[in-house]
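Notes follow once the structure below has been shown.
Read the numbers this way: they start at 1 and go in the same order the structure lists the ligands and their atoms. The structure presented is a predicted model; accordingly, all values stated were derived computationally and were not measured.
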Amino acid sequence: MCGIFGCVLKNGNAAPIIHAALKRLEYRGYDSVGEATFYDGRLYIKKDQGKIDEVHKIHNLDDLPGNLGIGHTRWATHGAPLEVNAHPHVDCSSNIAVVHNGIIENFVELKLELENLGHVFKSKTDTEVIVHLIEENLKADPSSSLADAVLKTVRRLDGSYAIAVISTKQPDKILCARNESPLVIGINENAVYCASDIPAFLPLTNRAVIVEDGELVVLSREGFKISKIADSAVVVREPELIDWAPEMAVKEGYPYFMLKEIHEQPACLRNTLRLQDHYLDLMATFLDRAREVFLVACGSSYHACLAASYIFSKLAFLATYPVIGSEFVEQHGKSVNIESTILAVSQSGETADTLASVSGARERAATVLGLTNAIGSTLTRVSRVYIGQQSGPEIGVAATKTFTSQLSVLAQLALRLAKKRGKISQDEMDFIAEKFDKLPDTVETIIQTQEEKIKRIAKKYKDAKTFFFLGRGVSAATAYEGRLKLMEIAYVPSMAFPAGESKHGPISLVEHGFPVVFICPKDGTHRTLIGNIMEMKARGASIIAVIEEGDEEIKKLAEDYVEVPKGVPEVLSPIPFIVPLQLLAYYIAIERGHNPDTPRNLAKSVTVK
Ligand code: F6R
C-alpha cells in the first residue's frame with residue numbers, strides 16, 4: 001500500500017499542496033517519498049528514502065516550481081526503501097514521470113522486453129516498467145497523445161495499479177488509471193486533484209469522484225475526463241459531496257483503524273497471491289534442504305507459525321517447530337547449527353525477541369529466512385531470503401490483516417514445497433490453488449454477511465467474565481489467535497487450547513452460561529469436535545460456533561453461530577475462520593467502551609526483550 005497524489009492548479013504552486021497531501025496519506029506508507037512538477041517545459045523531481053518530515057528537512061519538498069505535479073509516499077513491495085526506488089520514476093530521457101500504488105505482476109517479462117529495446121532501468125521496482133513502456137509507446141508513434149500512450153501501456157499491465165503520469169509531451173495534463181488500487185478525483189474552482197484516498201484533498205475540497213477499475217482519467221485546468229481503458233468509451237460521472245470529518249476520512253469512514261484493516265483483508269489477500277514466484281521458490285528450496293526448520297515469532301505472528309506447522313506437515317510432509325521468539329535461545333540455542341533453518345515471521349520485522357532468536361541462530365551458522373510486512377526492516381537485512389507480505393501499514397495495534405496475509409504466504413510456501421517434494425498430486429495442487437484464488441472473495445462474503453450477526457453476539461456476551469476458545473488440528477491456532485484478539489483489545493481474560501485438552505483440566509472452570517467459542521471447519525476433526533462441544537454443553541456452557549455454512553449438526557448444538565462459506569480446504573481454513581473472531585473481539589471491545597486501536601500497555605512494535 002502506497003499513497004499517490006497529483007494536482008493541476010489554475011493558480012499557485014503545486015509542490016506545497018502535494019507535500020501537505022502526502023502528509024495526509026502517510027498512513028498508507030512512509031518509507032520514502034517523492035514529488036515531481038513541471039515548470040517551463042522542464043520536469044523537476046525530489047525524492048528520497050525516509051519519512052516525509054525527514055525528507056522535507058533535507059530537501060525542502062515545497063520549493064519545486066510549477067502549478068502541476070504528482071507525489072508519492074511509499075510502502076516498499078518491490079525493492080528496498082532506498083532513494084533509487086522512491087517514486088516518481090522517470091523514463092530514459094527524464095521526460096515522463098510516474099507514481100504508482102499497486103503491484104505489476106508481469107513486470108519481469110516487461111522489463112526484459114524493454115531492456116532488449118535498449119531501455120535502462122535504475123530501480124528495482126515493478127513501477128519503472130510503466131514509465132519506460134509509455135516512453136516506448138510514444139517513440140513508436142510520435143503523433144500519439146500522452147493519453148493514447150498511457151492507454152496502450154495500461155492495457156499491457158497485469159496486476160493492480162493506480163497511477164498518475166506527467167510528461168513533457170503534454171505538460172498541462174496528468175494521466176491517471178486504475179485497476180484494483182484505489183483512486184479518487186477531487187475538484188474545486190481552482191484545481192483538480194487525483195489521490196489514493198479522499199483525505200489527501202479533503203481540506204481543499206469535499207467534491208469527489210470515485211474512479212472505478214478499468215478507467216483512465218485525464219486531469220487538466222479544465223477539469224477531468226474519464227474513459228474506459230478497454231474501449232475508450234467516455235464515462236460521465238458527477239462529483240459527490242463528502243461529509244466526512246478529516247479524522248474519519250483517514251479511516252475511510254470506519255470509526256477505527258482495526259475495523260478498516262479487518263475490511264481490507266480481501267484486498268490484502270489478493271496482494272499475497274501476487275508474490276513473485278522466484279522468492280517463493282527460493283524460500284521453498286531452503287526449507288527443503290534444511291535438516292530442521294524452526295518457525296520463530298511472537299504473538300499473532302507466532303499463531304501464524306503454529307498454523308503453518310500443521311500446513312507444512314499436511315501438504316509438504318515437512319515437520320517444523322513453531323517456537324515463541326522469547327524462548328528460542330533457551331530452548332534451542334545450543335542445538336541449532338549449520339544444518340538448521342529459522343523462518344522468522346514478524347510483520348514489523350523489528351520485534352526484539354524474534355530478532356534475538358535470529359541473532360542466536362546466525363551465531364551458530366544457521367540459515368535465516370524472513371517473512372515480514374516491512375521491507376527494509378532489520379529482519380530483511382539479516383535474512384538470507386525474505387518475503388514481503390505486502391499488507392500495507394497496519395495502524396491498529398492488534399494484528400488483523402497482517403495475520404491473514406502471513407497465513408496466506410506460509411500456505412503458499414507449503415504448497416510450493418509439496419510440489420517440489422512430489423508430495424501432492426497435480427489434481428490436489430490445482431484444487432487448492434483454485435480455492436486459494438477464491439479466498440479473498442470468501443473473506444469478503446464473511447464480512448458482508450456475518451458482521452451484523454456478530455455485532456448482536458457481541459452485545460449478548462459483552463459482560464462475560466471469561467471465554468474459552470477451542471479448536472482441533474490447525475484450528476487450535478485459530479483459537480489461540482481469536483483469544484488473543486479478545487483479550488488484548490476487550491480486556492476479557494480468556495483461555496485457548498486444543499479442544500481435546502479440555503478434559504485434562506480446564507473443563508473444571510465451566511459452569512452454567514460459560515461462553516465457549518468453537519472453531520468448526522468441516523475437516524477431519526469435525527466429528528471429534530462435536531464430542532468436545534457435547535462435553536461443554538453437558539456442563540452448561542453457552543456455545544458460540546464458527547461453522548461452515550449449512551453445518552446443521554453444530555447449528556443444533558450452538559446457542560449462537562457464525563457461518564463461513566463452504567468448501568475451504570482444511571489447510572486454508574484459519575484464514576476465513578479467524579475473521580469472525582476478529583470482528584467479535586472488535587465489537588465486544590466497542591460494547592465495553594474501549595478503543596480497539598490503542599489497547600492499554602501495548603505497542604505496535606515491541607523492540608524490547
Ligand atoms: C497481537 C499483536 C502482537 C504481534 C507481536 C509480534 O495482535 O499484534 O502479538 O503479533 O507483537 O509482532 P511482529 O509480527 O511485528 O513481530
Enumerated ligand 1 atoms positioned under 4.0 Å from heavy atoms of Val397:
8 (O)

Any N/O pair Ala399/ligand 1 closer than 3.5 Å:
yes

Where ligand 1 meets Lys485 - atom numbers and elements under 4.0 angstrom, heavy-atom basis:
1 (C), 7 (O)

Which of the atoms of ligand 1 are close to Ser301, meaning less than 4.0 Å from one of its heavy atoms?
10 (O), 13 (P), 14 (O)

Mark the output for Thr400 as yes if a heavy-atom distance to ligand 1 is under 4.0 Å, and as no if none is.
no

Ligand 1 and Gln406, any nitrogen or oxygen pair closer than 3.5 angstrom?
no

Could you label the plane-to-plane angle of the Phe497 and Phe468 rings as parallel, tilted or perpendicular, counting under 30° as parallel and over 60° as perpendicular?
perpendicular

Can I get a per-line list of side-chain donor-acceptor pairs under 3.5 Å for residues 302-331, giving both atom names and the distance, sequence neighbours left out?
| unit_1 | atom_1 | unit_2 | atom_2 | d |
| --- | --- | --- | --- | --- |
| His303 | ND1 | Glu481 | OE1 | 2.8 |
| Ser309 | OG | Leu306 | O | 2.6 |
| Lys314 | NZ | Glu570 | OE2 | 3.1 |

If you define the side chain from C-beta out and look only at heavy atoms, does anything of Glu54 sit under 4.5 Å from Val33?
no

Answer whether the closest heavy-atom distance between the side chains of His594 and Ile489 falls below 4.5 Å.
no

Should one rank Ser346, Gly299, Ser300 by closest heavy-atom distance to atom 2 (C) of ligand 1, which comes out on top?
Ser300

Determine whether Ile457 and Ile588 satisfy the following criterion, side-chain contact (heavy atoms from CB on, under 4.5 Å), listing intermediate values before the conclusion.
CA-CA 9 Å; Ile457 299 176; Ile588 293 184; over 6 Å; no

For Glu488, the ligand 1 atoms with a heavy-atom partner under 4.0 Å come out as 1 (C), 7 (O)

Can you check which of Pro599, Cys298, Ser348 brings a heavy atom nearest to atom 6 (C) of ligand 1?
Cys298

State whether Tyr491 and Arg600 meet the cation-pi test: NZ (Lys) or CZ (Arg) under 6.0 Å from the six-membered ring centroid, and within 45° of the perpendicular axis.
yes

Compute both the distance and the angle, then confirm whether Lys462 meets the cation-pi test with Tyr587: under 6.0 Å from the six-membered ring centre, within 45 degrees of the axis.
no

Can you tell me if Glu350 contacts ligand 1 (heavy atom of the residue under 4.0 Å from the ligand)?
no

Partners meeting side chain to side chain contact (heavy atoms under 4.5 Å, CB included) with Ile590 (sequence neighbours left out):
Tyr256, Tyr586, Pro596

Just which atoms of ligand 1 are under 4.0 Å from any heavy atom in Ala398?
7 (O)

